[in-house]
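Contents: one structure, followed by commentary.
Chain letters run A, B, ... following the sequence lines, proteins first and then strands; every chain starts at 1. Since this is a predicted model, take the numbers as computed values, not measurements.
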Protein chains: 2
Amino acid sequence: MANDPLSLTFAALADPTRRALLARLAEGEATVNELAEPFPISLQAVSRHLKVLERAGLVTRGRDAQWRPCRLETAPLEEASVWIGRYHQQWEDRFDRLDAEIRRIRQGQRGTQGENDHE
Amino acid sequence: MANDPLSLTFAALADPTRRALLARLAEGEATVNELAEPFPISLQAVSRHLKVLERAGLVTRGRDAQWRPCRLETAPLEEASVWIGRYHQQWEDRFDRLDAEIRRIRQGQRGTQGENDHE
DNA sequence: CTGTTAATCAACTGATGTGTTGATTATGAC
DNA sequence: GTCATAATCAACACATCAGTTGATTAACAG
């Protein structure tokens with residue numbers, strides 16, 4: 001797998017268990033046991049999922065005696081959102097162009113009919 | 001890998017080559033050869049990347065003689081954006097709470113100093 | 001020191017991802 | 001039909017992922 005920040009973030013999000021962990025962490029800090037409780041998999045498996053999230057910068061962990069409370073970090077989510085959002089303007093531009101073209105075709109069709117099979 | 005739509009989308013985005021393909025397709029349709037040209041990997045590898053994007057619904061393909069023009073589909077990106085955005089309000093809420101707490105602590109510190117070690 | 005709890009580490013398995021090269025299919029040009 | 005081009009399929013190699021179980025580390029409780 002690629003190890004650039006954006007790839008790490010998207011890869012971390014590409015798993016329902018990890019997304020659920022983030023959803024839980026959005027409500028506040030939690031320990032590994034607390035996070036693992038709802039899932040039918042072993043504690044070790046959850047610990048590894050958290051490690052993936054940590055590598056992506058989506059989670060940081062403190063230390064409180066033998067507990068290691070996990071906290072959500074939103075910066076990578078923001079960056080992922082920005083990457084996706086960068087295309088949003090382009091989409092709208094394309095839709096606008098498409099709209100314009102449709103209007104143009106309709107106007108043309110009032111005179112000339114059934115000659116345009118361009119998709 | 002999980003095969004739910006959101007996981008497929010995020011997994012598809014978790015690769016720089018595939019993100020570059022999408023960026024190229026945001027400018028308009030393109031054939032596999034056109035898409036593959038800038039990359040140092042084989043055409044087959046690009047074809048497989050496109051298949052991943054297709055499985056995620058991010059790309060659809062037409063047919064024009066022996067060419068199979070690829071087109072960007074934005075719906076899955078929208079859904080990914082929505083998933084991330086769902087937490088955005090919560091983040092802001094948390095930041096607001098943090099702000100409020102900081103203000104509260106500052107106010108308190110004007111009278112009582114150095115007793116608050118709550119993180 | 002002993003025992004308990006929280007969490008990770010280590011080793012292994014099976015599945016999947018990403019790349020390669022070589023063969024194959026599909027279409028258009030002559 | 002024959003040839004060239006666009007693209008995919010097939011088989012392989014190698015790495016990584018996601019899960020397991022068993023051992024180990026770290027901290028507190030008695």
Side-chain angles (χ1 to χ4, degrees), chain A residues 1-22 24-25 28-72 117 119, chain B residues 1-22 24-25 28-72:
Chain A
M1 195 228 307
N3 67 343
D4 61 285
L6 215 39
S7 295
L8 290 175
T9 301
F10 282 128
L13 295 177
D15 183 284
T17 301
R18 286 194 292 263
R19 288 198 303 277
L21 290 170
L22 292 179
R24 167 64 186 79
L25 287 173
E29 296 191 3
T31 67
V32 179
N33 271 290
E34 286 168 352
L35 290 168
E37 193 270 326
F39 298 101
I41 60 178
S42 69
L43 187 73
Q44 290 94 322
V46 173
S47 181
R48 294 233 287 221
H49 278 303
L50 287 169
K51 216 168 175 182
V52 173
L53 294 170
E54 200 175 9
R55 192 155 94 100
L58 286 160
V59 160
T60 53
R61 343 180 61 152
R63 178 165 269 261
D64 177 12
Q66 67 264 54
W67 293 275
R68 254 146 270 189
C70 300
R71 181 195 311 187
L72 176 65
D117 66 345
E119 181 243 344
Chain B
M1 195 229 305
N3 66 344
D4 61 287
L6 216 39
S7 295
L8 290 175
T9 300
F10 282 128
L13 295 177
D15 182 283
T17 301
R18 287 195 290 265
R19 288 198 303 276
L21 290 171
L22 292 179
R24 166 65 186 80
L25 288 173
E29 296 192 2
T31 67
V32 180
N33 271 290
E34 288 168 352
L35 289 167
E37 194 271 325
F39 298 102
I41 60 177
S42 69
L43 187 73
Q44 291 94 321
V46 172
S47 182
R48 294 233 286 221
H49 278 303
L50 286 168
K51 216 168 173 183
V52 173
L53 293 170
E54 201 175 9
R55 192 155 94 100
L58 286 160
V59 159
T60 53
R61 342 181 62 152
R63 178 166 269 260
D64 177 13
Q66 68 264 53
W67 292 275
R68 254 144 269 188
C70 301
R71 181 194 311 186
L72 177 65

- Query: Do the side chains of A:Arg61 and A:Leu50 get nearer than 4.5 Å, heavy atoms only?
  - Reply: yes
- Per atom distances to the A:Arg55 side chain, the nearest of D:dT20, D:dC17, C:dT18 is D:dC17
- Respond yes when some side-chain nitrogen or oxygen of A:His49 is under 4.0 Å from OP1 or OP2 of D:dG19, and no when none is. yes
- Closest non-hydrogen atom pair, A:Ala20 against A:Phe39: CB-CZ, 3.6 Å
- Query: Mind checking whether A:Asp4 and B:Arg19 have side chains closer than 4.5 Å, heavy atoms only?
  - Reply: yes
- For the residue pair A:Val59 and A:Leu22, establish whether any side-chain heavy-atom pair is separated by less than 4.5 Å. yes
- Item | Beyond-backbone contact of B:Leu58 with B:Leu25, side-chain heavy atoms, under 4.5 angstrom | no
- Task: Could you tell me whether the phosphate oxygens of D:dA6, OP1 or OP2, come under 4.0 Å of any side-chain nitrogen or oxygen in B:Thr31?
- Result: no
- Gap between atoms CZ and C1', on B:Arg61 and C:dA26 respectively (whole Å): 14 Å
- Task: Give the rounded distance in Å between these two atoms: CG of B:Asn3 and P of D:dA18.
- Result: 14 Å
- Task: Counting heavy atoms from C-beta on, name the nucleotide in D:dA7, D:dA18, D:dT20 closest to the side chain of B:Arg68.
- Result: D:dA7
- Query: For the side chain of A:Ile41, counting heavy atoms from C-beta on, which of D:dA18, D:dA7, D:dG19 is nearest?
  - Reply: D:dG19
- Item | Donor-acceptor pair present, B:Arg48 side chain and C:dG19 base, under 3.5 Å | yes
- Message: So if I take every side-chain heavy atom of B:Leu43 and compare against D:dG19, C:dT27, D:dT8, which nucleotide ends up nearest?
- Response: D:dT8
- Phosphate contact (D:dC9 OP1 or OP2) by B:Lys51 side-chain N/O below 4.0 Å: yes
- Query: How close or far is atom C1' of D:dT5 from atom CD of B:Gln44, stated in whole angstroms?
  - Reply: 14 Å
- Would you kindly give the CG-to-P distance between B:Leu35 and D:dA7, to the nearest whole Å? 9 Å
- Message: C:dT27, OP1 or OP2 - any side-chain N/O from B:Arg63 closer than 4.0 Å?
- Response: yes
- May I have the distance from A:Glu34 (atom CD) to C:dT5 (atom P), rounded to whole angstrom? 16 Å
- Query: C:dT27 P sits how many Å from B:Asn33 CG, rounded?
  - Reply: 17 Å
- Query: Between B:Pro69 and A:Gln66, which has a closest nucleotide on DNA chain D that is more 5'?
  - Reply: B:Pro69
- Query: Please give, in whole Å, the distance from D:dC14 P to A:Met1 CE?
  - Reply: 21 Å
- Query: In whole angstrom, what separates A:Leu50's CG from D:dG19's C1'?
  - Reply: 15 Å
- Message: Less than 4.0 angstrom between a side-chain N/O of B:Ser47 and OP1 or OP2 of D:dA7, yes or no?
- Response: no
